[in-house]
Every structure is written in C-alpha cells, then in structure tokens.
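Below is one structure, written out as structure tokens; comments come after it.
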Amino acid sequence: CRRHQIGSLDLNREASLEQQEMIDLASNPESTAKQLGAMVGQFPNVDALIANHPNALLWVFEDLANTGSLQTIQALLGNPDLPHELVRDIGNKYPSLLAQSPVLDRFITDIPDLLNEVASILEVPECPRALIKAAIEAGNGSQKLSVLRNPALSELEKADLSPDRLHLD
C-alpha cells in the first residue's frame with residue numbers, strides 16, 4: 001500500500017510539472033497557435049490562458065469552445081478579439097455567460113446585428129439592465145418579445161411592453 005502511495009505522489013508531481021510547463025507556454029506571448037492547440041482541453045486553467053492568447057487562431061478558439069468547460073467559455077467571452085462568428089455561436093449556446101461578459105459592450109458595438117442573432121441574451125436574468133432598457137426603447141419586435149421572456153423584468157418594464165405599447169415590426 002505504501003508503494004502505491006509513493007507511485008501516486010510521483011504521478012501527481014509529474015502532472016503538476018506538466019501543468020506548470022503548459023501554464024508557462026500558454027503565458028508566453030511568442031507561443032505559436034500549433035503549440036497552443038496541442039494543449040487545449042488538458043487543464044481548464046491552461047485553456048483560460050489560451051483563450052486570451054494573442055497568437056491563438058480561429059481553430060484554436062473553436063477547439064476551446066468545444067471543450068465544454070464553463071471556465072474556458074467564460075475566458076473566451078472575456079477576449080475582446082474573439083472572432084465574431086464564435087461570439088454568436090457561443091452566445092446562442094450560453095446566453096447567460098455572454099450577458100456576463102466583461103466585453104459585452106464591445107461585442108455589441110463591433111457586431112451590430114448581435115442582438116438579432118443572439119436575442120436569447122435578452123431573456124436571461126443576467127442581462128444588463130441597460131441592454132434591456134435599450135431593447136424596450138428602441139429594439140425591434142423580436143427583441144421586445146425576448147425581453148418579455150426575461151424573468152427578472154420589473155412590472156414597470158412589463159408595462160412598457162404591454163400590447164397597446166408594443167409595436168412589433
């Protein structure tokens with residue numbers, strides 16, 4: 001049993017060293033996309049570093065998005081340079097995480113049709129109040145209907161979307 005414990009400690013030590021080497025490589029601004037891609041999916045904290053790496057290419061971001069790790073998805077949505085098609089794809093799959101993105105304003109500015117393509121963001125309780133207000137005041141009919149599905153909507157906001165005030169495009 002003692003021999004098993006020692007072997008287990010050696011494996012843990014090796015895994016820690018391997019993880020640290022990957023952290024170092026993912027933190028190095030000169031690492032290539034190929035190097036980054038080879039590390040995807042092995043450690044969530046390494047994936048989070050890769051998600052914001054300046055040399056990561058579309059295929060690396062796609063691989064990261066497919067890991068299924070929420071930590072990785074959050075890191076991707078924190079990257080203001082994430083390719084627009086991935087912002088849309090991830091936003092449709094994880095509207096709550098998109099709503100919480102620290103760079104959501106930039107995504108909305110850079111991708112003018114984002115609210116039409118990811119209208120479900122307006123339906124989640126995490127949706128920023130300013131975004132809900134903008135959709136109520138100037139959104140199209142589809143956006144206004146999405147806002148109505150938001151469980152965090154106040155009674156006052158619901159009144160602004162009553163049928164007599166709701167002008168669907």
Side-chain angles (χ1 to χ4, degrees), residues 19-20 22-29 31-158 160-161:
Q19 184 176 11
Q20 187 56 52
M22 288 186 186
I23 289 170
D24 293 345
L25 194 56
S27 300
N28 182 344
S31 295
T32 66
K34 186 175 180 178
Q35 290 171 313
L36 298 169
M39 297 184 291
V40 169
Q42 296 188 40
F43 299 101
N45 58 336
V46 173
D47 287 348
L49 291 170
I50 295 169
N52 285 285
H53 197 282
N55 294 336
L57 299 176
L58 178 60
W59 66 270
V60 174
F61 291 132
E62 288 172 340
D63 286 352
L64 287 168
N66 291 324
T67 66
S69 161
L70 293 182
Q71 179 183 357
T72 302
I73 299 299
Q74 286 173 320
L76 281 167
L77 290 172
N79 181 345
D81 299 317
L82 188 66
H84 295 177
E85 61 268 21
L86 273 179
V87 173
R88 290 182 192 101
D89 292 348
I90 294 171
N92 279 312
K93 191 170 182 182
Y94 302 99
S96 294
L97 295 180
L98 178 59
Q100 298 173 64
S101 170
V103 293
L104 178 60
D105 289 342
R106 176 152 174 204
F107 289 152
I108 290 171
T109 301
D110 291 353
I111 313 169
D113 57 344
L114 185 63
L115 289 182
N116 290 324
E117 295 182 11
V118 189
S120 58
I121 190 175
L122 297 167
E123 300 175 16
V124 297
E126 299 85 1
C127 186
R129 304 312 296 167
L131 198 54
I132 288 175
K133 184 177 179 183
I136 290 171
E137 292 173 359
N140 63 33
S142 176
Q143 292 168 353
K144 290 177 182 181
L145 287 173
S146 291
V147 168
L148 273 174
R149 294 184 192 104
N150 190 318
L153 199 64
S154 73
E155 291 303 316
L156 184 59
E157 291 165 324
K158 286 179 187 175
D160 286 340
L161 293 170

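All figures in this text were calculated on a predicted structure; none of them were measured in a lab.
- Taking a cutoff of 4.0 Å between a charged side-chain nitrogen and a carboxylate oxygen, K158 and E155 qualify as a salt bridge.
- Here the straight-line distance linking atom CG of N92 with atom CZ of R88 works out to 10.0 Å at 0.5 Å rounding.
- Here the closest heavy-atom approach between residue S154 and residue R129 is recorded as N-NH2, 4.2 Å.
- Using a 4.5 Å heavy-atom cutoff, the side chains of D110 and V87 are not in contact.
- In this structure the side chain of V60 reaches within 4.5 angstrom of the side chain of V40, judged on heavy atoms.
- Here N79 contributes atom CG and R106 contributes atom CZ; the two are 8.5 Å apart, rounded to the nearest 0.5 Å.
- Heavy atoms only, all atoms of each residue included: V46 and M22 are closest at CG2-CB, 3.8 Å.
- The line from CG of L58 to CG of L86 is 5.5 Å long, rounded to the nearest 0.5 Å.
- Considering only heavy atoms from C-beta on, E62 stays 4.5 Å or farther from D89 through its side chain.
- When all heavy atoms of Q143 and A135 are compared, the closest pair comes out as CB-CB, 4.5 Å.
- Between the side chain of S120 and the backbone N or O of E123, no donor-acceptor pair lies under 3.5 Å.
- Heavy-atom minimum distance, L98 versus L104: O-CD1, 3.8 Å.
- The main-chain N or O of F107 is never found under 3.5 Å from a side-chain atom of H84 such that the two would form a donor-acceptor pair.
- Each of N66, D81, L76, I50 was scored for a side chain to side chain contact (heavy atoms under 4.5 Å, CB included) with F61, with one residue passing: L76.
- Here the side chains of V103 and L82 are not in contact, with every heavy-atom distance at 4.5 Å or above.
- Atoms CG and CD1, from L97 and I73 in turn, are 7.5 Å apart once rounded to the nearest 0.5 Å.
- Counting only distance, with no hydrogens or angles, the side chain of N55 and the backbone of A33 share no donor-acceptor pair below 3.5 Å.
- Under the 4.5 Å side-chain criterion, counting only non-hydrogen atoms from C-beta, Q100 is not in contact with L77.
- Atom CG of residue L115 and atom SG of residue C127 lie 8.0 Å apart, to the nearest 0.5 angstrom.
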Original post:
So I136 and K133, side-chain contact (heavy atoms from CB on, under 4.5 Å) or not? Walk me through it.
Top reply: CA-CA 5 Å; I136 290 171; K133 184 177 179 183; 5.7 Å; no
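- When all heavy atoms of A99 and V124 are compared, the pair lying nearest together is CB-CG2, 3.9 Å.
- Side chain of S31 to backbone of L36: no donor-acceptor contact under 3.5 angstrom is found.
- At distances below 3.5 Å, not a single donor-acceptor pair connects side-chain atoms of N28 with backbone N or O atoms of D24.
- Atom CG of N150 and atom CD of E157 lie 8.0 Å apart (nearest 0.5 Å).
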**OP:** Decide yes or no on side-chain contact (heavy atoms from CB on, under 4.5 Å) for N140 and N116, but give the supporting numbers first.
**Re:** CA-CA 9 Å; N140 63 33; N116 290 324; 2.7 Å; yes
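- A 4.5 Å side-chain heavy-atom check between Y94 and L70 finds at least one atom pair inside the cut-off.
- A donor-acceptor pair under 3.5 Å is absent between the side-chain atoms of D47 and the main chain of L64, judged by distance alone.
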**OP:** Would you check, one step at a time, whether the test side-chain contact (heavy atoms from CB on, under 4.5 Å) holds for V118 with I111?
**Re:** CA-CA 11 Å; V118 189; I111 313 169; over 6 Å; no
